[in-house]
Number of protein chains: 2
Amino acid sequence: MNKAKAILLVADGLGDRPIKSLGDKTPLEAANKPNLDKLAKEGECGLMDPIAPGVRAGSDTSHLAILGYDPYKYYTGRGPFEAAGIGMDVKKGDVAFRCNFSTVDENMVVLDRRAGRITSGTDQLAAAVNGLDLDGIKAIFKESVAHRGALILRGPNLSAEITDTDPHHEGEKVLTCEPLDPNNESAVRTAKAVNEFVRRSYEILKDHPVNKERIAQGLKPANIILPRGAGLGPSIEPFESEYGLKAACVAETGLINGVARYVGMDITEVPGATGGPDSNVLNMGKAVIERLATHDFVLCNVKGADVGGHDDSPQVKLEMIAKLDEMVGYIMSHLPENTYVVLTADHSTPCAVKDHSGDPVPIVFWGEGVRVDKCEHYDERSVTAGGLGRIRGIDVMKILTQLMGVQEKFGA
Amino acid sequence: MNKAKAILLVADGLGDRPIKSLGDKTPLEAANKPNLDKLAKEGECGLMDPIAPGVRAGSDTSHLAILGYDPYKYYTGRGPFEAAGIGMDVKKGDVAFRCNFSTVDENMVVLDRRAGRITSGTDQLAAAVNGLDLDGIKAIFKESVAHRGALILRGPNLSAEITDTDPHHEGEKVLTCEPLDPNNESAVRTAKAVNEFVRRSYEILKDHPVNKERIAQGLKPANIILPRGAGLGPSIEPFESEYGLKAACVAETGLINGVARYVGMDITEVPGATGGPDSNVLNMGKAVIERLATHDFVLCNVKGADVGGHDDSPQVKLEMIAKLDEMVGYIMSHLPENTYVVLTADHSTPCAVKDHSGDPVPIVFWGEGVRVDKCEHYDERSVTAGGLGRIRGIDVMKILTQLMGVQEKFGA
C-alpha cells in the first residue's frame with residue numbers, strides 16, 4: 001500500500017447553537033448535507049474543543065492547536081501572525097507588529113487612525129520605509145489590505161515586552177513606546193527602535209508623492225505608521241520535520257495562510273476563493289485534490305460559515321454548508337487510495353453571538369481502520385453519541401498520525 | 001467492613017480495530033466472553049487513553065501512567081526499565097543502559113552486534129565484569145536473554161546526557177561515548193566511565209574461557225559489551241507510600257515486572273505463565289487471589305493478546321480473550337469481600353498494525369458504589385456509551401482510590 005496521506009478540512013466558525021427560526025436546530029442540524037452525513041456515517045465522530053472546554057478560540061490559536069502546536073506555548077501575539085499572514089518571513093528572535101497607516105498633525109495628534117481608510121498607494125508608502133536601519137536593527141515593513149500593514153524588527157536581543165504607539169483613540173497624541181520593565185535592556189533597545197521607526201515614518205511619508213496627491217484630492221494623508229501588538233517570532237518545529245509529512249495549505253485568508261506559512265506549509269492560490277459567501281468553494285476542493293498529488297497532508301480552511309455567524313445570518317451559514325457539502329462530495333469522489341479525511345471546525349461562531357464562542361465543534365475521522373460508530377449525521381448534537389467522545393484540538397494530529405502509521409511509539 | 005482491596009487487570013495490547021475477516025468487528029466484539037461482559041454489565045465502563053488521545057504508548061509508559069506515575073516525568077528511557085526488568089535494583093542517581101554482548105576484532109570494528117546470537121555462558125561473562133570500579137564509579141552488570149544485558153553505573157553526580165557506544169551497524173568501529181554538552185562535568189565523567197567499562201570488558205572477555213570455547217567451536221566470541229540508551233534512575237515515590245496500599249504484581253514479562261519492581265511492588269512467580277499464547281492464564285488468576293490474602297492491591301498483566309496483535313493473528317487474540325474470560329470468571333468467583341476490580345488494556349495492538357497503536361482501550365470499574373451504566377458488553381465500541389466517558393491512564397488510580405476510600409481530600 002502507498003504511504004498514507006491525509007486531508008484536514010476545517011470549516012471556519014461552522015459550529016452554532018440552536019436557532020429559533022430554524023426550529024431550535026443549529027444550521028448544521030437544519031441543513032441538507034448528504035456528503036457530510038455520509039462522512040459521519042462511514043467515520044468515527046465526536047466533539048472537539050479547539051483549545052479546551054469553553055475556551056473561546058481564535059482561528060489562529062485554534063489552527064495551531066489542531067496542527068499539534070500548543071497555542072499557550074507558540075502563540076506569541078497578533079503581530080507575528082499578521083506579518084506571516086501577508087507573506088512576511090517571521091524568524092525566531094524577530095519582533096513583529098500589526099500597524100496602521102494613520103493621519104497625524106504636526107504635533108503628532110492622531111486625526112484619523114486609518115488614514116481615511118486609504119485603499120491604494122500603500123505599496124509605494126511601504127516601499128519608502130521598508131529596510132530602514134534603526135541603529136543596527138533592521139525594519140522590514142509590508143502593506144496589507146486598506147490601512148493595514150505589518151512591521152518586523154530584526155536584530156540581536158530584541159524583546160516584545162513593550163507598549164503600543166497607537167493611542168487607539170483619535171484626538172490623542174501618538175504614544176511613546178516604552179519597555180514594560182525599564183531594567184530590561186532588550187526592551188529598552190527595542191522600544192527605542194520602534195519610536196525611531198515611527199519618527200522616521202513621519203519624516204519620510206509626510207511629503208511622499210502619494211500623500212501630496214491625496215491632499216490635493218482632499219483625502220487624509222497616510223503620513224505616519226503606528227505599530228502595536230508586539231510579539232516575538234517563536235521557535236517552531238516545521239510541520240514536515242515534526243510529522244514527516246510534506247504539507248500544503250488551501251485557504252482563503254491571510255490569517256490561516258499565515259499560520260500555515262509559520263509551520264512551513266506550502267500556500268496555494270485558488271481562483272475564485274474570496275473568503276466570503278461568494279467564494280468558489282468547489283475550486284478549493286479541486287485544489288486540495290491537486291495538492292495531494294505532490295503532498296502528504298493538505299490543510300483546507302473554508303471561511304464562509306464564519307462570516308454567516310459574524311453577520312447573524314443563518315441563511316448564509318446554510319448556503320455555506322451546501323457549498324461545503326458539494327466540495328466534500330467532490331473530494332470524496334476524487335480521493336487517492338489510502339487517504340484519511342478529517343472534517344471539523346476551528347471554533348463555533350453562533351449567529352446569536354456574532355463572534356467566536358467556546359462551544360465545541362463536531363469532528364469526524366474517516367479512513368482505513370477507524371472504529372466506525374453509529375452516528376448518521378454530521379452536526380453538533382448527533383456526534384455526541386460518537387466513538388471519539390470529547391477530544392481537544394491538540395489531540396487531532398496524534399490521532400491522525402497514529403492512524404496513518406507515522407507516529408513514533410513512546411516507550412517499549 | 002474490611003479495608004477495601006483492589007485488582008487491576010491489564011490485558012496487554014487487547015484493543016484492536018475492526019477486522020474484515022471478523023465481519024468488521026474487533027476481536028473483543030467478535031469473542032464469546034461471558035465473564036468480561038458480566039463485569040461490564042455490573043460495572044461502570046468507558047474508553048481510556050493510556051497516555052493521551054492518539055498517543056502510541058509502550059507497555060512501560062502505559063503501566064507507569066495507569067499506576068499514577070506521569071510517564072513524561074518518570075520515564076527516563078529504556079536503560080533503567082530494562083535493568084529493572086531483569087531484576088536489577090535501579091536507584092535514584094544511577095545511570096542505567098541496555099547492552100549487547102558483541103563481537104569485535106582487534107581494531108574495535110564490530111563484526112557482529114549480537115555475538116552470533118549467543119545463548120549460553122553470558123552469566124559467566126557477566127560475572128567477570130560485574131562490580132568493576134571505574135575511578136570511583138561502580139559498574140553493576142547483569143545478563144538478560146540471549147546477547148542482551150544491562151549495566152548500572154553507580155556513583156556521585158552521574159549524568160545520562162551522553163551518546164551511545166554501539167555503532168548500530170556492523171563493519172563500523174565501536175563509538176566513543178561522548179557528553180552531549182562538553183561543559184557538563186557530570187556527563188564528561190560518566191562518558192569517561194562508560195568508555196573505560198567498554199575497554200575493560202574487551203580486556204576481560206577476549207580471553208575468557210567461555211569465548212575460548214566458542215572460538216574452538218567456530219562461534220563468534222562475545223568479547224565486548226556495548227552500552228546504549230542511557231537513562232537516569234528516577235526519584236519515584238513507592239506505590240505503598242503513595243497510596244497506602246501494599247501491592248503485588250502478577251505478570252509474565254520482564255518489562256512489566258520491571259515497572260512493578262520500580263514502584264516497589266512484590267513480584268510473583270507463576271507456574272506455567274510464559275508470556276505467550278500457551279501461557280497458563282488461569283494459574284495467574286489463582287496467583288492474583290492468593291496475593292490478595294496478603295496484599296491490598298494486585299496488578300496483573302496478561303501478555304497473550306498483544307502477541308496476537310503483533311503477529312496479525314485475530315485467532316490468537318480470540319483464544320487469549322477466551323483464556324482471559326476464564327481467568328476473570330475464576331477471580332470473580334473467588335473474590336474476597338469489598339474488593340474492587342478494574343479491567344483494561346495498556347494499549348491497542350491492532351492486528352492490521354502489528355504494533356502498538358494510539359487507539360483507546362475499554363475500561364471497566366467494578367465494585368461497591370460504582371455508578372453502574374447500561375453497557376452490556378466489554379469491547380471498544382460498546383463502552384463508548386458508558387458512564388466514564390473517555391478518561392486517561394493517569395486518572396485510573398485516582399478513580400480507584402476514591403472508590404476504595406483511601407484518597408486524601410484536596411482542600412476543605
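Remember, it's a predicted structure, so these values are computed and weren't measured experimentally. Below, read A as the first sequence line, B as the second, and so on, with proteins coming before strands; counting in each chain starts at 1.
Smallest separation of non-hydrogen atoms from A:Arg371 and B:Asp359: NH2-CB, 3.4 Å. In terms of heavy-atom proximity, B:Pro18 sits nearest to A:Gly369 at CD-O, 3.8 Å.
When heavy atoms are compared at a cutoff of 4.5 Å, B:Pro350 does not approach chain A at all. Of the atoms belonging to B:Val353, not a single heavy atom falls under 4.5 Å from chain A. Residue contact with chain A, scored on non-hydrogen atoms closer than 4.5 Å, is absent for B:Ser382. Looking at B:Ile51, only its side chain comes within 4.5 Å of chain A, counting heavy atoms on both sides. In this structure, chain B has heavy atoms under 4.5 Å from both the backbone and the side chain of A:Leu388.
For the set B:Val55, B:Leu64, B:Asp60, B:Asp24, the count of heavy-atom pairs under 4.5 angstrom toward chain A peaks at B:Asp60. Between chain A and the options B:Ala352, B:Ser59, B:Gly358, B:Ala385, the largest number of non-hydrogen pairs under 4.5 Å is found for B:Gly358. When each of A:Gly411, A:Gly389, A:Ala412 is scored by its heavy-atom pairs under 4.5 Å with chain B, the top score falls to A:Ala412.
Around CD of A:Glu185, the count of heavy atoms belonging to other residues, nucleotides or ligands within 6.0 Å does not exceed 12.
Under the 30°/60° scheme for interplanar angles, the aromatic rings of B:Tyr72 and A:Phe410 are found to lie parallel.
Taken from CD in A:Glu44 to OG1 in B:Thr384, the straight-line distance is 8.5 Å, to the nearest 0.5 Å.
By a heavy-atom distance cut of under 4.5 Å, A:Asp395, A:Lys398, A:Ile399, A:Gln402, A:Leu403, A:Gln407, A:Glu408, A:Lys409 are the residues of residues 395-409 of chain A near chain B, going up by number. For residues 77-86 of chain B, a heavy-atom distance under 4.5 Å to chain A picks out B:Arg78, given by residue number.
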